[in-house]
Amino acid sequence: HSLDSIIRHEIPAIREVLGANVPVCSVLVTKRHGHRMMDTRSNDNVPAGTVLLGDDVVIPRNCFLLNSHVGVLGTSHCCKYQVLDEAEMQ
């Protein structure tokens, strides 16, 4: 699993180079998820730059979706960003 690899190998390597006192914020980005964004008023794609914050119901609170581009109708697949907190990176 890529998250396990990040936590076990990459975060410690970054901390080793930067030092223990430097805060590190890691964000995992994926397109392998089942979420889609659509403007329900017009059935069009949402505009580029649209952000949907995690609500702990459908999307975890430490995640958000960002539609960063304009796509052909019905083809925009946004990226899911997961912010890893300190507890997850230990």
Side-chain angles (χ1 to χ4, degrees):
H1 189 265
S2 62
L3 180 57
D4 293 332
S5 176
I6 291 168
I7 292 171
R8 289 187 185 157
H9 304 290
E10 295 180 29
I11 298 297
I14 291 169
R15 287 202 169 128
E16 183 178 329
V17 171
L18 296 177
N21 295 329
V22 177
V24 175
C25 177
S26 296
V27 180
L28 182 65
V29 183
T30 184
K31 288 191 78 149
R32 293 182 181 176
H33 59 81
H35 305 292
R36 300 277 182 174
M37 289 195 286
M38 183 179 84
D39 186 343
T40 57
R41 297 168 296 183
S42 64
N43 290 331
D44 291 332
N45 287 330
V46 295
T50 300
V51 175
L52 181 61
L53 299 176
D55 58 3
D56 268 352
V57 176
V58 177
I59 303 168
R61 188 166 302 282
N62 66 329
C63 296
F64 63 93
L65 303 177
L66 170 63
N67 188 48
S68 59
H69 62 282
V70 176
V72 178
L73 183 60
T75 61
S76 291
H77 188 73
C78 55
C79 288
K80 179 180 176 184
Y81 296 81
Q82 179 181 356
V83 180
L84 304 177
D85 64 15
E86 281 294 319
E88 291 176 293
M89 295 190 299
Q90 297 301 327

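Keep in mind that the numbers below use all heavy atoms, side chains included, and drop hydrogens, waters and symmetry copies.
- Side-chain atoms of N62 do not come within 3.5 Å of backbone N or O of Q82 as any donor-acceptor pair.
- The heavy-atom pair separating C79 from V29 by the smallest distance is CB-CG1, 4.0 Å.
- R61 contributes atom CZ, which lies 9.5 Å from atom CG of L53 (distance to the nearest 0.5 angstrom).
- Contact record, S26 with I11: OG-CD1, 2.8 Å, taken as the closest heavy-atom pair.
- Rounded to the nearest 0.5 angstrom, L52 CG and F64 CZ are separated by 11.0 Å.
- Distance alone, capped at 3.5 Å, places no donor-acceptor pair between the D4 side chain and the I6 backbone.
- H33 has its side chain within reach of L65: a pair of non-hydrogen atoms, C-beta onward, lies under 4.5 Å apart.
- Residues R15 and V17 fail the side-chain proximity criterion, which asks for heavy atoms closer than 4.5 Å.
- When every heavy atom of V83 is checked against every heavy atom of V27, the shortest pair comes out as CG2-CG2, 4.3 Å.
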